[in-house]
Amino acid sequence: MAVKDNLCYMNYTGSKARFYDKVKHLLPDTPQKCLDVFTGGNSLGSMLPDNWELTFNDKCSELINCHRRLSLKRKDTLLVLDSICKDYKLSKDNKDGYLDLVKEYNEDKDTFNTEYEFYLLLCHSFSNYIRFNDKCEWNMPFGKRTFNKNMRNKLINWKERISKKEKVVWLNKDFRDINFSDYTFLIVDPPYLKGVATYNEKGGWSAKDTLILLEKLDTFAENGGKFIFFEEVLSNGKQNTLISDWMNKYKHLQLGDNSKGCNYQREDKITLEVCIYN
């Protein structure tokens, strides 16, 4: 299955599907009880072996609920999405339709369509970002994008991959509250410490969070657990010393320069992602 066919069905920020061919050889050959600690858009998680016991976790309850609902083996998923698009006249040019859906979603999150509405809001939001305000209301501006053929196909492909898994659990917990020792293998793709994204605004992710996570991973590894961990060691030319120092005790794989394609003129502006593993 080509990587281009496995891109995130949500266009989720930081999707690791693009690195699958580089990291797949790091996956154990034997079946694992695996925890995807920060599953996000579930792109990499959905590509894990079908015979593994898979637990996909994320702190964002709306995100996990959406994955859970859309992963169900229902034949009407696309019909429901199309119906909502039609009712609100959703398109890449109709800001008013998007705002009407935002209002409906924020006023009543207990309807049958809640998770479908969440997904369609994401499909139409700026850069496909997810953001809620202090009142837990959807709070992203219109993005001049829509649930198009490409998004539709990615959703179909994701549903097909998930349907083949022998055992899937959707979990909504803070990573601190999870006992890593209950698992044999971890996929760890946390919010990047040096990154700028909606999920680490307003102090949502800090160096303290990273330190706690690294300590939990050290304990997990000392007890025989295996993991792969994604982070940046360089962010726009600035070194992430917390990660670069910690990774010395493990192996690592360079994934690439995220700044490529940007018009950077100086070599020290690179952003380098790595996969750290044991």
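To the nearest 0.5 angstrom, M10 atom CE is 6.0 Å from L122 atom CG. Note that the CH2 atom of W138 and the OH atom of Y98 stand 5.5 Å from one another [nearest 0.5 Å]. From S235, atom OG reaches atom CD1 of I270 across 11.0 Å, with rounding to the nearest 0.5 Å.
Residues N113 and V80 form a side-chain contact, since some pair of their non-hydrogen atoms from C-beta on lies under 4.5 Å apart. Contact annotation: the side chain of R68 never approaches that of F56 to less than 4.5 Å [non-hydrogen atoms, C-beta and beyond]. Looking at heavy atoms from C-beta onward, I130 lies in side-chain contact with Y12 at the 4.5 angstrom threshold. With a 4.5 Å cut-off on side-chain heavy atoms, D82 and F147 count as touching. Two residues are said to be in side-chain contact when any heavy atoms from C-beta on lie closer than 4.5 Å; S244 and T241 meet this criterion. With contacts defined as side-chain heavy-atom distances shorter than 4.5 Å, the pair P141/R131 qualifies. Contact annotation: the side chain of F180 approaches that of V37 to within less than 4.5 Å [non-hydrogen atoms, C-beta and beyond]. In this structure the side chain of L214 reaches within 4.5 angstrom of the side chain of F229, judged on heavy atoms.
The two atoms that bring N42 and W158 nearest to each other are OD1-NE1, 2.8 Å, heavy atoms only. Closest approach of I162 and S71 over heavy atoms only: CG2-CB, 3.7 Å. Taking both residues in full, the closest heavy atoms of E231 and P191 are given as OE2-O, 4.1 Å, listed atom of the first, atom of the second, then distance. Nearest heavy-atom pair, A17 versus M47, reported as atom, atom and distance to 0.1 Å: CB-SD, 4.1 Å. Scanning both residues, D58 and T39, for their nearest heavy atoms gives OD2-N, 3.8 Å. The heavy-atom pair separating C34 from L48 by the smallest distance is SG-CD1, 3.9 Å.
Remark: aromatic rings of Y9 and Y119 are close, center separation under 6.0 Å. Between F227 and Y250, a ring centre-to-centre spacing shorter than 6.0 Å is recorded. When ring centroids are compared, W205 and Y192 stay outside the 6.0 Å threshold.
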Under the side chain to side chain contact (heavy atoms under 4.5 Å, CB included) rule, what do E115 and L70 come out as? Steps first, then yes or no, please.
CA-CA 8 Å; E115 290 79 23; L70 294 184; 5.8 Å; no
Can E117 and I84 be said to form a side chain to side chain contact (heavy atoms under 4.5 Å, CB included), step by step?
CA-CA 8 Å; E117 291 175 350; I84 296 173; 4.2 Å; yes
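Applying the side-chain contact (heavy atoms from CB on, under 4.5 Å) test to K208 and every residue at least two apart in sequence or in another chain returns S206, I212. Residues that satisfy the side-chain contact (heavy atoms from CB on, under 4.5 Å) test with T114, not counting sequence neighbours, are Y105, K109, T111.
In K59, the NZ atom is not crowded: 12 or fewer heavy atoms of neighbouring residues, nucleotides or ligands sit closer than 6.0 Å. Summarising the local packing, CG of D29 is surrounded by 12 or fewer heavy atoms from other residues, nucleotides or ligands at distances under 6.0 Å. The 12-atom threshold is not exceeded at NZ of K73, counting heavy atoms of other residues, nucleotides or ligands nearer than 6.0 Å. Annotation for E137: atom CD counts as buried by contact number, over 12 foreign heavy atoms lying within 6.0 Å.
Side-chain heavy atoms closer than 4.5 Å link hydrophobic residues (I, L, V, M, F, W, Y) into clusters, and following such links, even through other members, never connects L44 to V169.
Note on ring orientation: taking the six-membered ring where Trp is involved, the planes of Y129 and F126 are perpendicular (angle over 60°, cut-offs 30° and 60°). Note on ring orientation: taking the six-membered ring where Trp is involved, the planes of F38 and F175 are tilted (angle from 30° to 60°).
When each of K159, R161, H67, E160 is tested with S46 by the rule side chain to side chain donor-acceptor pair (under 3.5 Å), just one qualifies, namely R161.
With respect to K22 and E273, no salt bridge is recorded, no charged nitrogen being found less than 4.0 Å from a carboxylate O.
A distance-only check finds a donor-acceptor pair linking the side chain of K216 to the backbone of I178 [under 3.5 Å]. In this structure, N240 contributes its side chain and L234 its backbone to no donor-acceptor pair below 3.5 Å. Although no hydrogens or angles enter the test, the distance criterion places a donor-acceptor pair under 3.5 Å between the side chain of T219 and the main chain of E215.
The cationic group of R69 lies under 6.0 Å from the six-membered ring centre of F112 and within 45° of the ring axis, placing it in a cation-pi geometry. For the pair K226 and F185, the cation-pi criterion (under 6.0 Å, within 45° of the ring axis) is not fulfilled.
Applying the side-chain hydrogen bond (donor to acceptor under 3.5 Å, both in side chains) test to residues at least two apart or on different chains, none of the pairs has a partner in residues 84-97.
In this structure, a donor-acceptor pair under 3.5 Å is present between the side chains of N179 and S181.
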